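Below is one structure, written out as structure tokens; the observations come after it.
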Amino acid sequence: MTKYLYGASVQGIQQFIFQTNELKDIVGASELVESICTELFRKVVGKRWKEANQVISAAGNVKYIFEDRAECEEVVRNFPREVMTSAPGVTISQAVVELGNDFVKSVNELEGKLRSQRNKPCKSITVGRLGLNRSPQTGLPITELDEKKEKEYDASTYAKRKHNKVIKLCQKSFGEKVDLKSSSIPFDVEKMTGKNDWIAIIHADGNGLGQIVQKIGHNIEDFRQFSKELNNATIAAANDAFRKVSPEHGWEQTIPIRPIVLGGDDMTVIIRGELAIEYVTEFMKKFEQYSSEGNLRPILEKAGMKRLTACAGVAFIKSSYPFYYGYALAEQLCKYAKKTEPHTSTSSLMFHKVQDSFINNYEDIVQRELKTSEGSSFCFGPYYLNEGEQPNGYYTIEKLYSLCQKLGEDKNEGIKTGIRQWLTLMHEDEAKAIQRLKRLKTLNEDKDAVSIIEALTNSRKGNEKVQAYPAYDVLTYHTILNQQTKEK
């Protein structure tokens with residue numbers, strides 16, 4: 001009997017989630033997207049749904065095996081309409097192939113068809129005629145009225161508002177043992193900030209997953225098991241990361257963490273700025289650990305690997321900054337970390353604090369903000385998780401944190417001031433900066449002080465063969481951790 005491998009890919013997820021800067025709408029959108037590939041797809045399949053036929057159902061992707069052609073055709077007809085009416089603004093691509101004996105070959109054929117489908121425009125159901133009243137936040141036509149609150153909504157925002165009290169994604173991200181209440185879930189970004197106004201958007205995903213699938217995916221059971229266990233490892237890592245940054249007796253009020261995407265090997269979260277790097281460091285550490293044990297281990301051994309690794313991008317932004325641009329930057333930083341690493345067996349992160357109102361892409365930021373008068377660079381990352389795995393001249397995350405802690409000591413206040421002056425001169429005149437650095441070392445002849453200064457100002461050759469310095473990153477992270485702009 002012929003079987004059919006069905007695939008669906010949700011498009012426009014990030015644009016849908018970050019369409020406005022209202023956290024309650026972002027929350028509702030993330031919960032809504034989470035439900036598309038799970039509850040909604042099962043609803044469309046109906047009573048004939050079989051858990052054993054599910055291959056992937058996470059992070060905007062569905063792969064399912066149909067044993068009946070008519071059943072498959074019915075889902076192909078109905079699923080896009082269900083998706084676009086439940087989550088207006090989201091579109092979906094679908095493809096179907098006959099399932100052959102070589103599962104990887106079938107998957108590759110399916111992915112090729114999905115890529116072709118993504119290039120075909122899909123008519124949006126949120127487009128309205130001229131002259132209609134439109135939402136000032138999204139620009140979409142007003143279609144819904146909340147009489148109790150006397151507010152008008154476009155279809156997309158209304159769908160998000162209906163889902164913004166769901167806490168399933170938080171429960172999955174924080175752990176089933178965490179006693180969650182609606183009052184503890186952040187729906188207002190102001191409640192997520194701490195002693196300063198910095199928040200962070202983190203985007204992380206696994207390295208080299210495509211290579212693993214090519215090696216182990218010829219067997220459908222291995223592929224299904226790998227997808228399931230990978231998802232479990234990602235969720236478990238997020239649970240441990242939450243516990244790592246949580247106070248011993250829990251959060252007194254609102255939890256300053258809001259998961260946006262968690263599934264497969266993807267993790268996106270909005271978090272209080274000072275917690276971000278500690279959180280994502282623990283996530284990567286535990287992701288490596290959980291992927292090297294349990295049911296994942298024998299699967300990886302078939303691919304000649306001992307563990308999985310992940311890279312992450314952390315975009316520090318003010319709470320009023322557009323989330324969509326913050327996420328776009330976090331995604332670019334994650335890609336930069338992957339591009340810089342020497343191979344796929346290392347975990348690392350890149351971060352950047354947004355200082356101005358204009359962002360095109362990270363490469364432009366490097367050229368505009370992180371280049372000196374003579375072409376040297378303050379783009380020193382990525383920072384690596386494990387000592388001994390970083391390329392020559394690069395720092396670990398632990399060393400970055402250690403330098404921040406040393407700069408925070410009262411006895412090193414003069415060093416911190418001197419390094420800031422050196423950074424300013426590097427942008428203006430490197431010759432003067434060299435003289436300022438010599439003066440700084442003369443004023444701080446203590447062995448430990450000289451060691452700190454050299455760790456901040458020693459250069460290495462980056463990918464573009466330019467001198468790169470870590471001082472800017474260290475001072476940036478120090479500011480995120482210690483800046484006090486709010487009353488206690």
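Values in this document were obtained by computation on a predicted structure and should not be read as measured data. For the single chain, residues carry numbers from 1 onward in sequence order.
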Open item on the list: Whether Lys318 engages the ring of Tyr321 as a cation-pi pair (distance to the six-membered ring centre under 6.0 angstrom, angle to the ring normal within 45°) should be assessed.
Closed with: no
Open item on the list: Between Glu363 and Lys339, does any side-chain N to carboxylate O distance fall below 4.0 Å?
Closed with: yes
- [ ] Name the orientation class of the two ring planes belonging to Tyr394 and Tyr384 (parallel below 30°, tilted from 30 to 60°, perpendicular beyond 60°).
- [x] perpendicular
Task: Exceeds 12 heavy-atom contacts within 6.0 angstrom, atom NZ of Lys286 - done: yes
Open item on the list: With a 6.0 Å cut-off (strictly less than), is the heavy-atom count around NZ of Lys172, excluding the residue itself, greater than 12?
Closed with: yes
Open item on the list: Give me the atom names and distance for the closest heavy-atom approach of Phe16 to Leu32.
Closed with: CZ-CD2, 3.8 Å
Open item on the list: Looking at every non-hydrogen atom in both residues, tell me the closest pair between Gly294 and Pro298 and how far apart they are.
Closed with: O-CD, 3.3 Å
Open item on the list: With side-chain hydrogen bond (donor to acceptor under 3.5 Å, both in side chains) as the criterion, how do Asp473 and Tyr383 come out once you've worked through the C-alpha distance, each side chain's angles and the decisive distance to 0.1 Å?
Closed with: CA-CA 10 Å; Asp473 280 350; Tyr383 295 87; 2.5 Å; yes
- [ ] Could you tell me whether Glu428 atom CD has more than 12 heavy atoms of other residues or ligands within 6.0 Å of it?
- [x] yes
Task: Flag, side chain of Glu389 to backbone of Thr346, donor-acceptor distance under 3.5 Å - done: no
TODO: Inspect the contact between Glu413 and Arg420 and indicate whether a charged nitrogen and a carboxylate oxygen are less than 4.0 angstrom apart.
DONE: no
Task: Pair Glu111 + Lys63, salt bridge at N-O below 4.0 Å - done: yes
TODO: Go through Leu308 and Ile212 one step at a time and tell me if the side chain to side chain contact (heavy atoms under 4.5 Å, CB included) criterion holds.
DONE: CA-CA 10 Å; Leu308 295 174; Ile212 298 171; 3.1 Å; yes
Task: Flag, side chain of Thr254 to backbone of Pro256, donor-acceptor distance under 3.5 Å - done: no
Task: Lys338/Asp205 salt bridge by N-O under 4.0 Å criterion - done: yes
TODO: Determine whether Glu454 and Lys441 make a side-chain contact, defined as any pair of heavy atoms from C-beta on separated by less than 4.5 Å.
DONE: yes
- [ ] Determine the minimum heavy-atom distance between Leu440 and Gly414, stating which atoms define it.
- [x] CD1-O, 4.1 Å
TODO: Give a yes or no on this: more than 12 heavy atoms of other residues, nucleotides or ligands lie within 6.0 Å of atom CD of Glu293.
DONE: yes
Task: Glu288 versus Ser347, side-chain donor and acceptor atoms under 3.5 Å - done: yes
Open item on the list: Working to the nearest 0.5 angstrom, can you tell me the gap between Thr193 OG1 and Arg272 CZ?
Closed with: 7.0 Å
- [ ] Report the relative orientation of the aromatic rings in Tyr477 and Tyr401; use parallel for angles under 30°, tilted for 30 to 60°, perpendicular for over 60°.
- [x] tilted
Open item on the list: One thing to verify: whether Glu301 and Arg297 come together as a salt bridge, which I'm taking to mean a side-chain N less than 4.0 angstrom from a carboxylate O.
Closed with: yes
TODO: Search all heavy atoms of Glu430 against all heavy atoms of Gly375 and return the closest pair with its distance.
DONE: OE2-N, 4.4 Å
